[in-house]
Structures are given as structure tokens and as C-alpha cells.
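Data first, discussion second: the structure below is written as C-alpha cells.
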Amino acid sequence: MTPQTLTDEEEAVLAEIEEGGIDFLRLQFTDILGTVKNVSIPASQARKAFEEGIYFDGSSIEGFVRIQESDMRLDPDPATFAVLPWRENDEGAAGRLICDVIDTTTGDPFVGDPRAVLKNALEDAADLGYSLNVGPEPEFFVFEQDEDGRATTTTHDAGGYFDLAPKDLASDLRREMIFNLEAMGFDVEASHHEVAEGQHEIAFKYDDGLTTADNIATFRAVVRATAAKNDVHATFMPKPIAHINGSGMHTHLSLFTEDGENAFHDEDGEFNLSETARQFVAGILEHAPAITAVCDPTVNSYKRLVPGYEAPVYVAWSDVNRSALIRKPAARTPAASRIELRSPDPSCNPYLALAVMLQAGLDGIERELTCPDPVRENIYEFDEDKREEYGIETLPANLGEAVAALEDDPVITDALGPHVAEKFVEAKRAEYAEYKAEVSDWEVERYLETF
């Protein structure tokens, strides 16, 4: 590969690396299941990384390629450079660059790179004259560690929704997380204790789709690293404790036109929503079962998606209540008009999740789907007959059902692309089969002495 001439942005990153005394760089990418991977290089190799990329064996990454197709290249995105703040006082400072994965046989973006999947979806939106803005609300739990440093399910505090110290013992921990996030370029808007003991939310400002996906991946890494530095464990597992609220990642979505106008806002429309927004909502509702496999991708995700714990299970939308899958939040300005998809959880691969949300909505726009009427009553209180009267379907009840819905939905499998769709389904079918073969503590306690 012929070395490329560096851009001004890349040269600026090199200068920052030198001025900041950075010793090592973590070149970050994400596998199909959403796990962040890193290749660490000395900072002296930064110029080479920008000029030629860094090669690695793709066959070692779950779901990427077969051994005979293994050569991959990491091309760092200079816009993603950040110093890892929790490393600054250790032995040598470290920086982070998020990378695109390149197929060395073709020189094109690798079809199995989740970041490339999202870029393709964003290009499809751009072809229709839209850009995507996203504001996520990831929740997480903080647990104590045992004497061997392993995570327990003993919560770090006994606080509740919006509690303050002394019940919310994690307020100092959240403050440290926020400082670290801000040091990495986040615009943190608010933080608070969530409903369950040990549960928290840190909200950061919305951004374009690609930046937001990068930010979600970074957010999870920062939260977990900060917790570990404080000898506790932060987890984005959707439902770590039975019978209490799980962790969601409510996702606010809006489309903007090429001239910077909010395509979801109509001053004269009902709820100030445009016809474009309503078609987008209709698209998400139609593809909701398949989306769920990607946005709620673990067996444990479906322990959260049950009635009674503020998680949506009914395929409907509303402007006034939170029992529906999609909510239309109040907006103070035209630019703030948006919809909120409440089903995703923070264990999802953010690149794939945003890609399928966007493609589902775009399908609604392209096909001019009709949006159903909003449901203004509490759907949790409906019986089956009333839900049938309103035409309200339910989300898949488990990962097996969700994966089946994904396989049956060509719009969402096309959004993922053949490679990612195949590998994702294969991995999730294996996960669900393994789960079904396990015997839980609940079953032993209930049946061992009864039968």
C-alpha cells in the first residue's frame, strides 16, 4: 500500500500526541456483537497508522471472517482522537482512535464492520436528503466486588430515583465518570440516580448518527473503567437483578434536511409532527419485531421487556404516556421535535442498532406508510381483547422469537447486509439454544423437592 498524504486533521492529531506526551495508542473497533476491541501501538507508530493503516488478523475476531480471508486493516478516524483520562496518572499517557475496518483484498470498507453498516445507512438517508440526529439515554448498574475482584450483585448504594447522598453513595463516582467523559469530548447534560438501587443514568448531548454510535461505545468503556478504578463494577447488562427495573437506552431520533431544517417538525401538524415524522414512526412500528433482535440482543434483554417495570412491550406510539414503544416528547423549539424509541437496551451494538432504526424509519418514508393513531391510555392496563381492538401487537417475548422476526424481515436484514445478518443470526441462535439447555436456580428451587 502506498503511504497516503496526511490531512490537516491527521497532522493535528500527531501534534497533539507529541505535545501531550502520549506513549501508546489504542486503535479501537467493534465486533458484530458490539464488543469493543483494541489494537495497541506505540505512539511512535501513529504516522504509519494514518499513512498505511495497521494490519491485523480478522479471523481472530468472532463473526468477522474465515481464516483464508483473514487480512484486515484498521484505518484510524482522526476525528475520534481522545486522551484516556484515567491513564494520565499511570505509567504513561494513552490515547484512543476509533477505526474503520478495511478489507485488504479489495481496499473497500469491510462488509462485517458495524461502523461501515451504519455509514451505509447514513448514506441512504443522505440520498433522500436527510441526516440523522440521535440522543441516547444509557442506564447502568454499579455493584460491589468480592474479595477476589469479581463482580457481585450487591448494589453499591441504596438510593432511588433522583436520590441524593447519603442514600446515593455513587454521586462521587458519577461525578468522576462525568469528568472523564468531558475530558474525552462529551457534552454531559445531566446525571441522576435511577429507579432501582445501584442504577444510574448519565445523559449526554445528541449528535449526528455516527458520532453518537462512537460515543455510546466510548461511554460504556469510560463508565466501566472509572468504576474499576474505584474497585466497583459497572454493568450495562439489561436485567441483572430480578423483580426490579432493568436498564434501558431510550433513543431520541430526528431527521434534518440538507438546509438544516428539522424534517420531523410541522407547526401546523398534530403534536407538531410532520407527515415525514409520522411515516418514520410507521416504519419503526412495522419493523419493530425485527429491530428488537438487534436493539435487545441478549437472552437477558427479554427479562427487562416485561410489563410492570416501565419497559415497553407493546407496538404502539403515544404523545402522553410511556407504556408505548414510541413516545413523542415535548419540544420547546422546532429543532427539538423528535421521537423516542424506548425499547433498546445498552447491551446492543450501537452501530447496528442505529442502522436498523434508521433504515426502518426510512422504509416508512419511502413507502409513505400510514401512521396509526396514538394511544393515549395506559396500555399496561389493557386486557388482550382491548389490545386486539386497538390493533396493538407485542414485541417478541424472547431472543428466539426476535431472531426469527429478524430473519423474516428483508428490510432489516438488508440494513445489516448479508455478512452481518448471517453472522449475527448464527451467533444469537447459538446463544438462545445454549440458554434453553441450561437449568436455572429458580427451576431447582421450585421443582427439585416438589417432584
Side-chain angles (χ1 to χ4, degrees), residues 1 3-31 33-62 64 70-102 104 110 113-116 149 176-186 210-211 213-234 236 349-351:
M1 177 181 176
Q4 298 180 5
T5 302
L6 298 194
T7 65
D8 291 343
E9 191 173 18
E10 290 168 338
E11 290 285 4
V13 170
L14 293 178
E16 191 173 350
I17 289 171
E18 184 174 355
E19 292 167 8
I22 303 299
D23 295 314
F24 284 91
L25 288 173
R26 293 182 184 176
L27 304 185
Q28 175 183 310
F29 62 103
T30 305
D31 71 10
L33 300 184
T35 304
V36 172
K37 304 292 185 179
N38 290 282
V39 173
S40 184
I41 63 171
S44 60
Q45 296 296 304
R47 180 172 292 276
K48 178 183 177 182
F50 283 129
E51 288 180 342
E52 304 177 22
I54 297 295
Y55 290 77
F56 74 103
D57 180 4
S59 67
S60 62
I61 306 300
E62 179 70 29
F64 260 32
S70 60
D71 287 340
M72 295 283 144
R73 188 179 80 236
L74 296 177
D75 281 1
D77 181 346
T80 66
F81 176 73
V83 177
L84 303 179
W86 59 87
R87 289 291 305 272
E88 289 183 301
N89 296 322
D90 293 342
E91 295 181 8
R96 186 286 314 270
L97 283 159
I98 296 175
C99 300
D100 294 308
V101 182
I102 305 300
T104 58
F110 172 46
D113 179 12
R115 203 168 191 256
E176 185 177 341
M177 290 173 178
I178 290 169
F179 288 155
N180 286 338
L181 288 165
E182 289 178 335
M184 295 191 72
F186 279 69
L210 184 62
T211 300
D214 287 340
N215 282 344
I216 294 169
T218 299
F219 178 87
R220 295 192 301 211
V222 171
V223 167
R224 289 172 65 94
T226 307
K229 292 275 288 184
N230 287 271
D231 298 320
V232 291
H233 179 75
F236 293 92
N349 183 322
Y351 301 99

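For this chain, numbers begin at 1 and follow the sequence in order. These numbers were taken from a predicted model, which means no experiment stands behind them.
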Atom [atom1] in [X], atom [atom2] in [Y]: separation rounded to 0.5 Å?
X: Leu210; Y: Asn215; atom1: CG; atom2: CG; answer: 9.5 Å
X: Glu11; Y: Phe50; atom1: CD; atom2: CZ; answer: 9.5 Å
X: Arg96; Y: Ile22; atom1: CZ; atom2: CD1; answer: 12.0 Å
X: Phe24; Y: Leu84; atom1: CZ; atom2: CG; answer: 12.5 Å
X: Phe81; Y: Leu14; atom1: CZ; atom2: CG; answer: 9.5 Å
X: Phe29; Y: Asp77; atom1: CZ; atom2: CG; answer: 15.5 Å

Please report the closest heavy-atom contact between [X] and [Y], naming both atoms and the distance.
X: Pro350; Y: Ala217; answer: CG-N, 4.2 Å
X: Gly21; Y: Ala93; answer: O-CB, 4.0 Å
X: Val223; Y: Ala234; answer: CG1-CB, 3.6 Å
X: Ala49; Y: Ile41; answer: CB-CD1, 4.1 Å
X: Gly53; Y: Asp75; answer: CA-OD1, 3.7 Å
X: Phe219; Y: Phe186; answer: N-CZ, 3.9 Å

Any chance you could lay out the side chain to side chain contact (heavy atoms under 4.5 Å, CB included) test for Phe179 and Thr226, step after step, and finish with the verdict?
-> CA-CA 10 Å; Phe179 288 155; Thr226 307; over 6 Å; no
side-chain contact (heavy atoms from CB on, under 4.5 Å), paired with Thr80, selected from Asp214, Thr218, Val13 = Asp214
Go through the steps for Arg47 and Glu52 under the test salt bridge (charged side-chain N to carboxylate O under 4.0 Å, His left out), then give the verdict.
-> CA-CA 8 Å; Arg47 180 172 292 276; Glu52 304 177 22; over 6 Å; no
Got a donor-acceptor contact below 3.5 angstrom from the Glu10 side chain to the Thr7 backbone?
-> yes
Between Asn349 and Asp31, is there a donor-acceptor pair closer than 3.5 Å when you use the side chain of the first and the backbone of the second?
-> yes
Pairwise side-chain contact, [X] with [Y], heavy-atom cut-off 4.5 Å (strictly under):
X: Arg115; Y: Ile98; result: yes
X: Phe56; Y: Leu27; result: no
X: Met184; Y: Asn180; result: no
X: Thr35; Y: Lys37; result: yes

